[in-house]
Amino acid sequence: MTPFTLSEPQRHLEAQIRWQPVELAFWLATLLPFVFAPNYLVLASQIAITALFALSLDLILGYAGIVSLGHAAYFGFGSYTAGLIAKWGWGEPLTGLAAAAVAAGVLGYATSFIIARFRHLALIMITLGLGLLLAEAANSAGWLTGGADGLQGVRMWKLFGAFQFDLYGTTAYTYSLTILFLAFLLARRLINSPFGLALRGIRENAVRMPAIGAPSPAHIRKIYTIAAVMAGVAGGLLAQTTETVSLETLGFARSADVLVILILGGAGRLYGGLVGAIIYMVARDQFSGINPQYWYFWIGTLLIAVVLFLPNGVLGGLTRLMRLVRSAA
Amino acid sequence: MNALALATRGLDKSFGSLVVAKDIELKLPQGERYALIGPNGAGKTTLINLMTGMLKPDRGHIFLGEKDITALKPEERVKCGLVRTFQINTLFPHLSALEAVTLTVCERRGYARSWWRKLPAYGDAVEEAHAILVSLRLAASCYRPTRELAYGQQRLLEIALALATKPKVLLLDEPAAGVPQGESAELFSVISDLSRDIAVLFIEHDMNVVFRFAHRIIVMVGGRILVEGTPREIAADVRVRDVYLGGTRHG
Ligand SMILES: Nc1ncnc2c1ncn2[C@@H]1O[C@H](COP(=O)(O)OP(=O)(O)O)[C@@H](O)[C@H]1O
Ligand SMILES: [Mg+2]
């Protein structure tokens with residue numbers, strides 16, 4: 001159907017999902033580090049990876065209302081997959097990343113059958129349990145994962161046979177940012193589709209869904225698998241760009257951090273995880289220079305302040321501010 | 001009598017020692033409007049939960065037309081044509097009325113699995129949803145989030161969501177609950193204007209409304225069907241009068 005024949009209700013729905021100028025500005029701004037902060041490209045790459053991880057959590061938490069305290073399981077699984085493939089002699093980045101995606105997707109699909117049966121507190125406990133289980137498994141399988149020492153000997157080939165992963169992070173940031181952008185386009189499409197509407201339905205009222213004929217468990221299994229794939233890609237990126245994998249990629253702290261990041265930025269608004277990752281990672285980089293032991297003190301304070309004063313995160317606060325400014329003008 | 005649209009056979013349900021359904025034999029013919037009445041706590045909502053699959057009966061069977069649907073999940077029963085509304089608004093607060101009804105239509109048409117094309121591209125579903133909202137006089141506020149709608153409009157949206165599933169049987173759990181008496185007649189005129197292809201069973205406490213809109217009335221007390229009959233028969237029935245005048249307040 002062409003835009004010229006859209007009916008009034010269709011145009012209304014179309015207007016809600018149209019690209020906004022501020023979105024274009026955001027993506028253009030992600031290129032600024034190349035020009036203004038060339039010494040921070042390694043950090044920028046890690047931010048892009050964390051943003052991708054937070055975006056994947058947003059798909060399940062922000063859209064389908066599935067709270068997870070074990071999302072690092074898929075991140076770490078992707079990380080080890082990509083790392084091990086490179087260690088075993090196949091260092092080609094894109095196929096390695098695809099392998100990480102598939103591995104995390106399979107794990108996500110398998111666990112989604114449990115996830116789809118539960119909600120609320122039970123779900124938190126189950127995701128937490130799954131995360132701890134996998135972390136402990138990786139710890140015990142030291143012969144495979146390198147245990148507490150981390151996975152050593154990961155050597156990446158040049159990207160497209162041309163771009164070396166250098167110390168300055170130029171290739172790393174370009175690579176991570178491109179993958180993040182592609183994943184974002186995919187997530188944006190998905191959210192604005194009928195399937196995305198069904199996910200919002202589950203978040204808004206899981207009781208009503210079956211009463212309108214909606215098979216919520218099938219929807220949940222699908223989005224959970226997609227989110228796991230995305231988390232696995234993020235983990236794979238980290239392994240490839242840092243050429244090491246540590247147990248920390250699977251750890252509870254990573255699951256908790258990404259939850260904090262998403263809530264900080266604002267869940268259920270696609271950019272929340274991205275903005276949250278920038279704030280969190282930049283702040284950590286700045287504060288850690290001063291007094292690393294106080295990091296969680298400040299993050300705790302920040303988190304309480306955000307939840308108290310900006311219940312929809314930084315982005316929710318900004319949106320409200322824009323509305324106020326507009327209605328005042 | 002027409003063929004049966006919905007029937008139950010020997011339906012039992014207890015919560016611990018509390019019997020909420022006992023040997024329920026309900027028969028709703030195609031295209032009819034039946035009222036289900038009874039004092040608070042009689043088990044009316046529970047009966048709807050049992051028939052729609054939100055609760056599992058301890059014993060007994062549920063038939064939609066000829067088909068035994070006792071083992072089907074709630075969403076599968078909806079797909080077969082059995083749908084309900086809720087006594088307490090059970091809506092999607094942050095979705096607009098248009099989005100909520102479009103979602104329902106998408107689920108019915110099998111679009112809700114597709115995640116590649118944009119929602120507005122499904123013009124047929126959006127148009128159908130909008131037409132339903134127009135027919136329920138909700139068009140003017142259909143772009144606003146549900147939680148911002150007036151209470152009466154939210155009650156109408158309850159019905160709009162049910163209609164968007166294209167039901168054969170519609171179970172309305174106190175559709176006018178909480179609506180001022182003046183508006184409740186208007187709400188029921190919407191219900192009585194529904195296509196005669198839909199069989200309707202509604203729970204309602206206002207006897208004027210019940211006598212005006214129901215072809216037949218089923219009276220439930222303490223988890224049992226006490227009596228069933230035409231409005232005239234029910235009005236004259238001594239046992240019904242006892243229930244309603246014998247101290248048990250209906251509300
Ligand atoms: N899930 C439940 N667990 C235990 N008791 C329940 C449950 N649901 C309803 N009841 C009880 O069952 C009885 C019937 O409730 P209900 O069907 O809601 O009555 P009605 O709709 O006729 O007012 C009430 O006594 C109520 O407290
Ligand atoms: Mg009730």
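Here is how names work: the chains are called A, B, and so on, in the same order as the sequence lines, proteins then strands, and each is numbered from 1. Keep in mind that this is a model prediction, so the values were computed, not measured.
The local environment of OH in A:Tyr109 is sparse, with at most 12 non-hydrogen atoms from other residues, nucleotides or ligands closer than 6.0 Å. Residue B:Arg196 qualifies as enclosed at atom CZ: its count of foreign heavy atoms under 6.0 Å is above 12. Heavy atoms from other residues, nucleotides or ligands lying under 6.0 Å from CG of A:Leu321 number more than 12. The number of heavy atoms from other shown groups lying within 6.0 Å of CZ (B:Arg144) is above 12. In B:Arg9, the CZ atom is not crowded: 12 or fewer heavy atoms of neighbouring residues, nucleotides or ligands sit closer than 6.0 Å.
Proximity to chain A (any heavy atom under 4.5 Å) is restricted, for B:Thr165, to the side chain, taken from C-beta onward. At a 4.5 Å heavy-atom cutoff, the contact between B:Phe92 and chain A is made by backbone and side-chain atoms alike. Looking at A:Glu8, the atoms closer than 4.5 Å to chain B (heavy atoms on both sides) sit in the backbone and in the side chain alike. For B:Arg113, the parts lying near chain A are the backbone and the side chain together; criterion is any non-hydrogen pair under 4.5 Å. Only the side chain of B:Leu98 comes within contact range of chain A, with at least one heavy atom under 4.5 Å from a heavy atom of that chain. Looking at B:Leu91, the atoms closer than 4.5 Å to chain A (heavy atoms on both sides) sit in the backbone and in the side chain alike. With a 4.5 Å cut-off on non-hydrogen atoms, A:Leu197 touches chain B through its backbone and its side chain both.
In terms of heavy-atom proximity, B:Pro120 sits nearest to A:Leu6 at O-CD2, 4.5 Å. Residues A:Pro215 and B:Glu75 come closest through the heavy atom pair CA-OE2, 3.9 Å. Summarising the geometry of A:Val207 relative to B:Met54, their closest heavy-atom pair is O-CE, 4.3 Å, with the distance given to 0.1 Å. Among all heavy-atom pairs drawn from A:Arg208 and B:Ala162, the shortest one is NH2-N, 4.2 Å. Here the closest heavy-atom approach between residue B:Glu107 and residue A:Met209 is recorded as OE2-CE, 4.2 Å. Taking every heavy atom of both residues into account, A:Pro194 and B:Ser114 meet most closely at CD-O, 3.6 Å.
Here the OG-NE2 distance, from B:Ser96 to A:His12, works out to 9.0 Å after rounding to the nearest 0.5 Å. How far CG of A:Leu13 is from NE2 of B:His130: 10.0 Å, rounded to the nearest 0.5 Å. Atom-to-atom distance recorded for A:Asn205:CG and B:Asn89:CG is 10.0 Å, nearest 0.5 angstrom. From A:Arg188, atom CZ reaches atom NZ of B:Lys118 across 8.5 Å, with rounding to the nearest 0.5 Å.
Your options are B:Leu119, B:Leu82, B:Val83, and the one with the most heavy-atom pairs under 4.5 Å with chain A is B:Leu119. Contacts with chain B were tallied for A:Ser216, A:Ala198, A:Pro210, A:Pro9; A:Pro9 has the most, counting heavy-atom pairs under 4.5 Å.
In this structure, A:Glu204 contributes its side chain and B:His94 its backbone to a donor-acceptor pair below 3.5 Å.
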Do B:Glu127 and A:Ser7 pass the side-chain contact (heavy atoms from CB on, under 4.5 Å) test, and can you show the C-alpha distance, the side-chain angles, and the key distance before you say yes or no? CA-CA 8 Å; B:Glu127 282 308 302; A:Ser7 64; 2.4 Å; yes
Evaluate the criterion side-chain contact (heavy atoms from CB on, under 4.5 Å) for residue pair A:Ile212 and B:Leu103; output intermediate values, then yes/no. CA-CA 9 Å; A:Ile212 61 168; B:Leu103 165 59; 4.0 Å; yes
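Geometric assessment of A:Arg189 against the ring of B:Trp115 yields a negative cation-pi assignment under the 6.0 Å and 45° thresholds.
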